[in-house]
**Q** 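Structure incoming, see below.
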There are 2 protein chains.
Amino acid sequence: MEVLLEEPEVSTRPHRGLTKKECTQHLMPIQDALYVVSGKWKLPIIIALRERNTRFSELQRAVTGITARVLSKELKDLEQNEFVVRKVYPTTPVTIEYELTAYSETLDAVIIALHDWGLQHRERILKRTERE
Amino acid sequence: MEVLLEEPEVSTRPHRGLTKKECTQHLMPIQDALYVVSGKWKLPIIIALRERNTRFSELQRAVTGITARVLSKELKDLEQNEFVVRKVYPTTPVTIEYELTAYSETLDAVIIALHDWGLQHRERILKRTERE
DNA sequence: TATACTGCTATCCTTTTGGATACGGAGTGA
DNA sequence: TCACTCCGTATCCAAAAGGATAGCAGTATA
């Protein structure tokens, strides 16, 4: 899993005083961010973690429908992005806890923006389908 | 392509005074929003459209690497979400123009949030890889 | 002794997404 | 007439994402 993406190429014309280069430079961080939150399970897992579900099997129950394979992979991704720390306690048997980091909270602005937009979009679509 | 998603199920515990139901209700709009901006080409196309590339072949040149098949499909999606209108002018041969709607600008807050977060994330990762 | 739970990994399979290539009719220019 | 552009569609394929199932070592429980 790559964390930084390559520069995509878009367009040739300036826009609002931005050169092509500036536009595509804007695109890269956007795609980095999207990479981090998109996919079927990333946000459900983060939400489950916020609700203090910390252990693997607990998470698997909380995020209904996810398989161990996928949960394991997603947790590794979240760890790599430093949203989660994996703590191993030498009990018998070992206890493993996944905890959200302070850094994971920086995502809040993104999540809120997505949420607000999504909410009005959903309402818009429902109204539209009513009309039809 | 579905526009509204099903309610996902996550977790069982309350969090910050929110019930389970409230949490998952938050998730739905987020996933609606993600649905609209994620994928390889959606944002590059929107950016190209903002730069006044309106015609099909123009878009295909502007968004380098996209094939006609995929561009065609993405434009249909964008139309369905009411980000784009397809206008047909009865010239000979017909001229077809894709134009962004005013509604497409409501995405700006989301795009900016993604951009800002992505930018600092990228810097964070670059610093981290320097240290190693 | 048998069964179950924990925290996974391995293997294989399906679905989704996107890419390659070819082709289409209609028009335009040499 | 030949070649080229425009705006796509159709068919087939490859890669990525995700799902199903099985298993495993260690411990606890019945």
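Residue numbers start from 1 in every chain, and the chains themselves are labelled A, B, ... in the order their sequence lines are given, proteins ahead of strands.
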**Q** Does B:I47 share a hydrophobic cluster with B:L100, counting links as ILVMFWY side-chain heavy atoms below 4.5 Å and allowing steps through other members?
**A** yes
**Q** Can you measure B:L71 atom CG to C:dT17 atom P for me and round it to whole angstrom units?
**A**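 It is 17 Å, rounded to the nearest whole Å.
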**Q** Tabulated below should be each protein N or O lying under 3.5 Å from an N or O of nucleotides 25-30 of chain C; please produce it.
**A**
none

**Q** Grab the CD-P distance between A:E58 and C:dG7 for me, whole Å please.
**A** 8 Å
**Q** Would you mind reading off the distance between B:L34 atom CG and C:dT17 atom C1', rounded to a whole angstrom?
**A**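 Whole-Å distance recorded here is 16 Å.
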**Q** Could you encode protein contacts along nucleotides 11-22 of chain D as a string, one character per nucleotide from 5' to 3', using B for base contact, S for sugar-phosphate-only contact and - for no contact, with a heavy-atom cut-off of under 4.0 Å?
**A** B------BBB--
**Q** Can you find a side chain N or O atom of B:S57 that sits less than 4.0 Å from OP1 or OP2 on D:dC7?
**A**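 So the side chain of B:S57 is within the cut-off, an N or O lying under 4.0 Å from OP1 or OP2 of D:dC7.
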**Q** Once the angle between the rings of A:Y103 and B:H121 is folded into 0 to 90°, is it parallel (under 30°), tilted (30 to 60°) or perpendicular (over 60°)?
**A**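 Parallel.
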**Q** Indicate yes or no: does A:R50 engage A:D108 in a salt bridge with an N to O separation below 4.0 Å.
**A**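 Yes, charged N to carboxylate O under 4.0 Å.
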**Q** Working to the nearest 0.5 Å, report the span between CG of B:N81 and CZ of A:R124.
**A**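 Atom-to-atom, B:N81:CG and A:R124:CZ are 9.5 Å apart.
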**Q** Mind checking side chain to side chain contact (heavy atoms under 4.5 Å, CB included) for A:A109 and listing every partner two or more places apart, or none if nothing turns up?
**A** none
**Q** If we take the C1' atom in both C:dC23 and D:dT5, what is their distance in whole Å?
**A** 15 Å
**Q** Rounded to the nearest angstrom, tell me the gap between atom CD in B:Q60 and atom C1' in D:dG8.
**A**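 Distance, rounded to whole Å: 9 Å.
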**Q** Which residues satisfy the side chain to side chain donor-acceptor pair (under 3.5 Å) test with B:S38, sequence neighbours excluded?
**A** none
**Q** Residues of residues 82-89 of chain B with any non-hydrogen atom less than 4.0 angstrom from an atom of DNA chain C: list those, numerically ordered, please.
**A** none
**Q** Tell me the interatomic distance from A:I96, atom CD1, to D:dA25, atom C1', rounded to whole angstroms.
**A**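 About 13 Å, once rounded to whole Å.
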**Q** Taking 4.0 Å as the cut-off, does a side-chain nitrogen or oxygen of A:R55 come that near to OP1 or OP2 on C:dC8?
**A**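 No.
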**Q** Specify the closest pair of heavy atoms between B:A48 and B:L59, including all atoms of both residues, with the distance to one decimal.
**A**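 Heavy atoms only, the tightest pair is CB-CD2, 3.9 Å.
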**Q** How close do B:Q60 and B:T67 get, heavy atom to heavy atom, and via which atoms?
**A**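 Looking at all heavy atoms of both residues, the closest pair is NE2-C, 4.0 Å.
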**Q** For B:E99, which residues count as a side chain to side chain contact (heavy atoms under 4.5 Å, CB included) partner, sequence neighbours excluded?
**A**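 Residues passing side chain to side chain contact (heavy atoms under 4.5 Å, CB included) with B:E99: B:V85, B:K87, B:Y89, B:E97.
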**Q** For the pair made of CZ in A:F56 and P in D:dC24, what is the distance, rounded to whole Å?
**A** 18 Å
**Q** Side chains of B:V36 and B:V110, heavy atoms from C-beta outward: is any pair under 4.5 Å?
**A**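 Contact flag for B:V36/B:V110 side chains = no.
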**Q** Is there a side-chain contact between A:L107 and A:I46, using heavy atoms and a 4.5 Å cut-off?
**A** yes
